Amino acid sequence: MSEFFDRSRAKIDKIIETGPLTFMEVCGTHTVSIFRSGLRTLLPAGLRLLSGPGCPVCVTDQSEIEAVLDLADKDCIIATYGDMTRVPGESGSLLDRRARGARVEVVTSAIQSLSIAQKNPNSEVMFLGVGFETTSPATAVTIKEAYRRDIRNFSVLSLHKTVPPVLRALCARPGLNIDGFLLPGNVIVISGEEQYAFLAKLGKAAVAAGFEPEEIMAALTELSRQAACKDYKLCSYRLRDVPRGGNETARRVMDEVFETCGAVWRGLGLIEGSGLRIREEYLRFDAALKFDIEYKENKDTGCQCGEVLSGLLTPPECKLFGSACTPQSPVGPCMVSGEGTCGAWYRFNR
Amino acid sequence: MKSELVTIGHGSGGRLTQELTKRALSHFDVPKFQMEDCAFIDEDGLMAVSMDGFTVYPPEFPGGDIGKLSVCGSANDLAVRGVKPLFLTMSLILEEGLDMALFDRYMASAAETARGGAITLIAGDTKVVPKGAVDGIFIATCAIGKRASPNILGSAALQEGDALVLTTAPGRHGAALAAARFGLDAKDLESDCALLWPALEPLLKFEGLRSMRDCTRGGLGTALCEWAETSGFGVEIEENAVPSNKDVAGLCDILGFDPLYLASEGCAIIAIDWSWAKECATSLKENPISRDACVIGRVTRDHPRMVGMKTKIGGLRFIDMPVGELLPRIC
């Protein structure tokens, strides 16, 4: 197997003779795979990889995390994905709240939160929906199912986001010197390639790939080629059987339940059209309305997740990394999330 | 300021569990506390004792149940230090309303396991608590045994260049429980819960045997990190050499877990002088529970106190002690 990597490395080495290249892996699963497989240690020095805003937990704004923690204090059962429960707020995480008696349920799929609601008819159950195009269809299906079954003690706080608008925003950000993007194959499978066509027009290389190290290496080789030859064209590696338009069923259900809105990204601020809010027809399942959630202003914790997520800093360049911020005493979500870039640097690369 | 609380993470093995243990010990005068799987109770190190609590959920899982586990867990803690398990004490904490038929099933299973290992129950206790105070049944066992190895085994005996031999693919117990907890249909996935003594006893004749650990809570990764930290040496393993179970690997892919951190209940890592490594693996292969035994790495002077892994694709990464509970990933 290492022969393939040796060959690919030799190819990239040759390509970057003309100058170093910097790519951003957008998705947290790519980040972790690159570290866990040791791929990072095999890449030439002239190829720089930055982690992007593709870990659902990491991009959630601190004000939203505080609002959820407040809700957990008010006897609402919070159902959410595992990683979300570790994210630190001003006074602890959802897991800390659970130790103090709050009801926090870890689910692996949104639909499981409906069973929790049905088993606890006298309690309010809120599903905290985070993630991108890969998880929002499941949340949409869950909301439709709640509607069909008329489950009244159930609601969703939609913090779902979409990938293309944040990439557009990043490309427009001054100081960010990125030659191209490694795109998450699982997002393309849902959304299709079309939505990413703008990257080529902006002069960015773009390759979508799965999460195996071989797929990532092949994608990096192609990214290097595109960037060096200025031959920008979005392509998908090993996703040939995926219809170019993506998964129409998933997109239809997303469109039916959600509409786009502005969303605040941790450290990046408001990005127009990058969020998904619940449409009017399903508004009675909107936790933001049901609980009249108000978002407070963020306090400065010194966490530089924003700079890290937008590729301006690598985690070790953050002044808190490894000292004030470790997996045991995290300051920002990037250190605790299983897919967070700071956590990956800390765990695999010290 | 809010008070500090115990969290589930403190019970998940790894760094937080280590801190909790230290905190408990800080209240005691513990000159003879041995940070090993079991402790020798006399000056000559002839008799040893181990103690373990079992709160597993679900109490019945593919490959075993809480009864079998409660015997294997404590007995294995002796076996890995070259101590033959002889006696067992058992404390039962039962929830009001537990079905007696289930209770009988767990006890029959514990008894059968003890019988299979020639381990005699010599004392015990029962308590019943109000509904909700425990989840069905909790068991604590203490195993007592006699040292059969010529030398005292433990991490203090590790030496540079020692080979690391793993008895079987790691993580099967943790994976079987995770599948049950998260409602995943993984019918081929079974816990490896088993008594280790029959597989480990034949190794005691090898002069170069240094230390053995069972890879329970926190998994192989945590066991290796503890060896590195307590011995001061570095540890390095080869990912390609670590036996892999396809069902464990599949479950880990879905939930985002690393098999290195999933618990095993019938898997041991063995440090032995390199010149004996081959005989060690060959001997282990004769027992069905360790038929996949092989050398996975070595003890080194490089990167002291750290565990490194050469990955399948030829890269390098560190293996860090996990922090907190294992949680499934988002997508």
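Predicted model, so just to flag it, every value in this text is computed and none were measured. Labels below follow one simple rule: chain letters A, B, ... track the order of the sequence lines, proteins then strands, and each chain is numbered from 1.
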> Taking the side chain as C-beta and beyond, is there a heavy-atom pair between A:L95 and B:L327 under 4.5 Å?
yes
> How long is the gap from CD1 on B:I330 to OG on A:S109, to the nearest 0.5 Å?
12.5 Å
> So which heavy atom on A:T41 is nearest to which on B:L316, and how close?
OG1-N, 3.0 Å
> Any chance you could measure A:F211, atom CZ, to B:D253, atom CG, to the nearest 0.5 Å?
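Answer for the CZ-CG pair, A:F211 versus B:D253, is 11.0 Å.
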> May I ask you to test the B:I313-A:L42 pair for a side-chain heavy-atom distance under 4.5 Å?
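They are in contact (side-chain heavy atoms under 4.5 Å apart), so the answer is yes.
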> Got a salt bridge between B:K312 and A:E214, using NZ or NE/NH1/NH2 to carboxylate O under 4.0 Å?
no
> Can you tell me which portion of A:P327 sits under 4.5 Å from chain B's heavy atoms? Options are side chain, backbone, both or neither.
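Both the backbone and the side chain of A:P327 come within 4.5 Å of chain B.
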> Considering only heavy atoms, which portion of B:L255 lies under 4.5 Å from any heavy atom of chain A: side chain, backbone, both, or neither?
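The side chain, not the backbone.
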> Got a sec: does the CZ of A:R48 have more than 12 other heavy atoms crowding it under 6.0 Å?
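Atom CZ in A:R48 is not crowded, with 12 or fewer foreign heavy atoms closer than 6.0 Å.
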> Where does A:T85 contact chain B at under 4.5 Å (heavy atoms): side chain, backbone, both or neither?
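For A:T85, the contact with chain B is made by the side chain alone.
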> Taking A:M84, A:R36, A:M217 one by one, which has the highest count of heavy-atom pairs under 4.5 Å against chain B?
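Among the listed options, the one with the most contacts to chain B is A:R36.
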> Would a 4.5 Å heavy-atom cut-off, applied to side chains only, mark B:D320 and A:Y346 as touching?
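Side-chain contact under 4.5 Å: yes.
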> How far apart are the closest heavy atoms of B:F318 and A:N349, and which atoms are they?
CD1-C, 4.3 Å
> Give, as side chain, backbone, both or neither, the part of A:Q328 having an atom under 4.5 angstrom from any heavy atom of chain B.
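Its backbone and side chain both get close to chain B.
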> Which atoms of B:E19 come close to chain A, meaning under 4.5 Å heavy atom to heavy atom: side chain ones, backbone ones, both, or neither?
side chain
> Rounded to the nearest 0.5 Å, how far does CZ of B:R181 lie from OG1 of A:T108?
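That separation rounds to 13.5 Å.
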> How many angstroms lie between CZ in A:R100 and OG1 in B:T7, if you round to the nearest 0.5 Å?
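A:R100 atom CZ to B:T7 atom OG1 measures 10.5 Å (nearest 0.5 Å).
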> Heavy-atom distances under 4.5 Å only: say whether A:S37 touches chain B with side chain, backbone, both or neither.
both
> At a heavy-atom distance under 4.5 Å, which candidate from B:L16, B:V6, B:I8 has the highest pair count against chain A?
B:I8
> Distance from A:L39 atom CG to B:T311 atom OG1, nearest 0.5 Å?
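Separation between the atoms: 8.5 Å.
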> Indicate yes or no for a side-chain donor-acceptor contact from B:R329 to the backbone of A:S337 under 3.5 Å, with no hydrogens or angles considered.
no
